[in-house]
There are 2 protein chains.
Amino acid sequence: MVRERSGARGASVRVPTREVVLAAVRLFTEGGFETTTMDDIAAATGVSRRSLFRRFGSKEDILFAEHDELFASVSRHLEADSGEPLDVVFAAARLVLQGYLSDPEVTVPRYHLVRAHPRLRDREVAMTARYQAAFSRYLAAREGEGGPEERSLAAGVTAAALISAHNHVLRSWLRHPGQETREVWTRYDSAMEFVRRAAGPMLHPADDPVRDRVMVAVYPADLGREELLRRLSAAVDGAVPRH
Amino acid sequence: MVRERSGARGASVRVPTREVVLAAVRLFTEGGFETTTMDDIAAATGVSRRSLFRRFGSKEDILFAEHDELFASVSRHLEADSGEPLDVVFAAARLVLQGYLSDPEVTVPRYHLVRAHPRLRDREVAMTARYQAAFSRYLAAREGEGGPEERSLAAGVTAAALISAHNHVLRSWLRHPGQETREVWTRYDSAMEFVRRAAGPMLHPADDPVRDRVMVAVYPADLGREELLRRLSAAVDGAVPRH
DNA sequence: CCCTATTCTGGCACTGAATGCCATACAGCG
DNA sequence: CGCTGTATGGCATTCAGTGCCAGAATAGGG
């Protein structure tokens, strides 16, 4: 059978990824994910069932195909590796949000599909974990102090916090994609600042301003020995990391 | 066909969950996950293929069946809800590690299977995300200060950090399950302390010891006005949360 | 002890995802 | 135009997963 699409647009013999993704999103949304078969997608796109499997690997993968590309570009950003490690990672996370915001046609309906189908949800979560792992590895190799054990712990926790804050803002947009993009970025920046305050001391306990200063604690004179000691030790425990 | 197992042990007509899980783990480990079919598991356990699907839902689910029970018991612990919210969550996370440590026969080979098969890995990651979501929801409902937005952000980030630290220690055990359990718990405690230091100020910025004390910063007299002001403002920015 | 209602199990058939195999169509190049 | 490597599509097959139904086991009341 001669494919009409071939003649309609240039010489692209290849499977038109974007068109297939859009068609699949539409079919999944209208008819449900499970009920839509690969034959349906093949019929709707003019691409054979066999070729769809070759290109995308599986039915789920069609939904996440462009997300894979996003991940690849974020990975490249990490490998370029220019600047403070923590800044590089924050910039990489920004790319992810940017990727979602710039393609609502796919990301928004995908979000609703993901919410409705546990399998797709798992898949989405796995994507998130891939970012987290990449960030964690990057940070562990370049940031932090102490032995490899503490460094990888701090890196992992930092990456987890970063991804969590990122997803927090991302989800709020996915739920209400109508809102101003500028507003989303504002909330994103404040969430990132929140993470930065928590992550800085984790990776560089020595830079903690509490440690860098000479401090004098002043308490009421009638506290009594017990209470005074308690407050002092509590204060020191809180301010100075133990290892 | 009369099932011999029926006569061999009590009156349990039910599918022996534990035995099936162990058999499946063995088959997957010996022959690979994909190559092992449900028929193989049925043949090895004396349970019909159809019943296996009824009990476990899918081939993957056999591997994670007992993990589901663990999650259920952790959920119950959260619902019991006794004590400081942060303590409750930390205790719940401890239950998870306990669950893994107490069943190495399943959890260790499963870890290796999960590492080798992307699909299983996604599944494992999804389990982790379920804990994280449960912790996050619990904390957001009970902990934190400010509006719902900041509270859920802080709760999410705290849960993410906690789970990440938990998994850090868990993985190190899964890789070398021979090590002393006591040693694992020691590292776990120190990782949890690490998270606690980071999480406390996130959830309760007002409790930050830096804020609770009267402080006097002492600097060399010859610093100069510019440098003195810079250090002071940097110190204050670092010590006092902005909102 | 028997009979009945309910639940559990296993066999059978069917759908559809996923993969291997092979023939064919196409693109680039001499 | 002919040759070569690659992309595609059709076909057949395996296997996960599900609906359906008949038969076995269990509980419970007489």
Side-chain angles (χ1 to χ4, degrees), chain A residues 1-21 23-25 27-28 31-65 68 113 117-123, chain B residues 1-21 23-25 27-28 31-65 68 113 117-120 122-123 126:
Chain A
M1 185 235 295
V2 177
R3 301 234 311 283
E4 327 73 26
R5 211 177 25 67
S6 260
R9 193 186 64 142
S12 169
V13 185
R14 302 245 164 139
V15 173
T17 303
R18 177 76 184 172
E19 289 172 31
V20 171
V21 170
V25 165
L27 290 173
F28 291 158
F33 177 76
E34 277 109 10
T35 33
T36 302
T37 72
M38 284 299 255
D39 278 322
D40 295 335
I41 303 174
T45 56
V47 179
S48 79
R49 179 188 143 85
R50 191 65 187 83
S51 292
L52 289 178
F53 275 112
R54 233 195 300 271
R55 291 288 153 212
F56 299 97
S58 77
K59 199 166 79 168
E60 293 179 7
D61 285 336
I62 298 179
L63 261 183
F64 295 96
D68 278 338
L113 287 167
H117 299 274
R119 260 185 208 152
L120 297 179
R121 187 195 298 255
D122 288 2
R123 185 56 187 278
Chain B
M1 184 233 298
V2 177
R3 300 234 311 283
E4 326 74 27
R5 212 176 24 66
S6 259
R9 194 188 63 141
S12 167
V13 186
R14 303 236 162 148
V15 173
T17 304
R18 177 77 183 171
E19 290 171 32
V20 172
V21 170
V25 165
L27 290 172
F28 291 159
F33 178 76
E34 277 109 8
T35 34
T36 302
T37 72
M38 284 301 255
D39 277 322
D40 294 336
I41 302 174
T45 57
V47 178
S48 78
R49 176 188 141 86
R50 189 68 188 82
S51 292
L52 289 179
F53 276 111
R54 231 193 304 271
R55 291 288 153 213
F56 299 98
S58 77
K59 201 166 77 168
E60 292 179 8
D61 285 336
I62 297 179
L63 262 183
F64 296 95
D68 278 338
L113 287 167
H117 299 275
R119 258 184 211 150
L120 298 178
D122 288 2
R123 185 56 188 278

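Proteins come first, then strands; the chains are lettered A, B, ... in the order of their sequence lines, and each starts at number 1.
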Short N/O separations, protein against nucleotides 15-19 of chain D, under 3.5 angstrom:
unit_1: D:dA16; atom_1: OP1; unit_2: B:Lys59; atom_2: NZ; d: 3.3
unit_1: D:dA16; atom_1: OP2; unit_2: B:Met38; atom_2: N; d: 3.3
unit_1: D:dG17; atom_1: OP2; unit_2: B:Lys59; atom_2: N; d: 2.8
unit_1: D:dG17; atom_1: N7; unit_2: B:Arg49; atom_2: NH2; d: 2.5
unit_1: D:dG17; atom_1: O6; unit_2: B:Arg49; atom_2: NH2; d: 2.8
unit_1: D:dG19; atom_1: N7; unit_2: B:Arg50; atom_2: NH2; d: 2.9
unit_1: D:dG19; atom_1: O6; unit_2: B:Arg50; atom_2: NE; d: 2.5

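Following rounding to the nearest Å, A:Leu52 (CG) and C:dA18 (P) show an atom-to-atom distance of 11 Å. Here the C1' atom of nucleotide C:dC12 and the CZ atom of B:Arg54 are 13 Å apart, to the nearest Å.
Listed by first then second residue, pairs satisfying salt bridge (charged side-chain N to carboxylate O under 4.0 Å, His left out) with a partner in residues 56-65 of chain A read A:Glu60-A:Arg123, A:Asp61-A:Arg123, not counting sequence neighbours.
To the nearest 0.5 Å, atom OG of residue B:Ser58 and atom CZ of residue A:Arg119 are 7.0 Å apart.
Checking side-chain atoms of A:Thr36 against main-chain N and O of A:Gly32 turns up a donor-acceptor pair under 3.5 Å.
In terms of heavy atoms, B:Thr35 sits closest to B:Asp40 at O-OD2, 3.8 Å.
Applying the salt bridge (Lys or Arg N to Asp or Glu O under 4.0 Å) test to A:Asp39 and every residue at least two apart in sequence or in another chain returns nothing.
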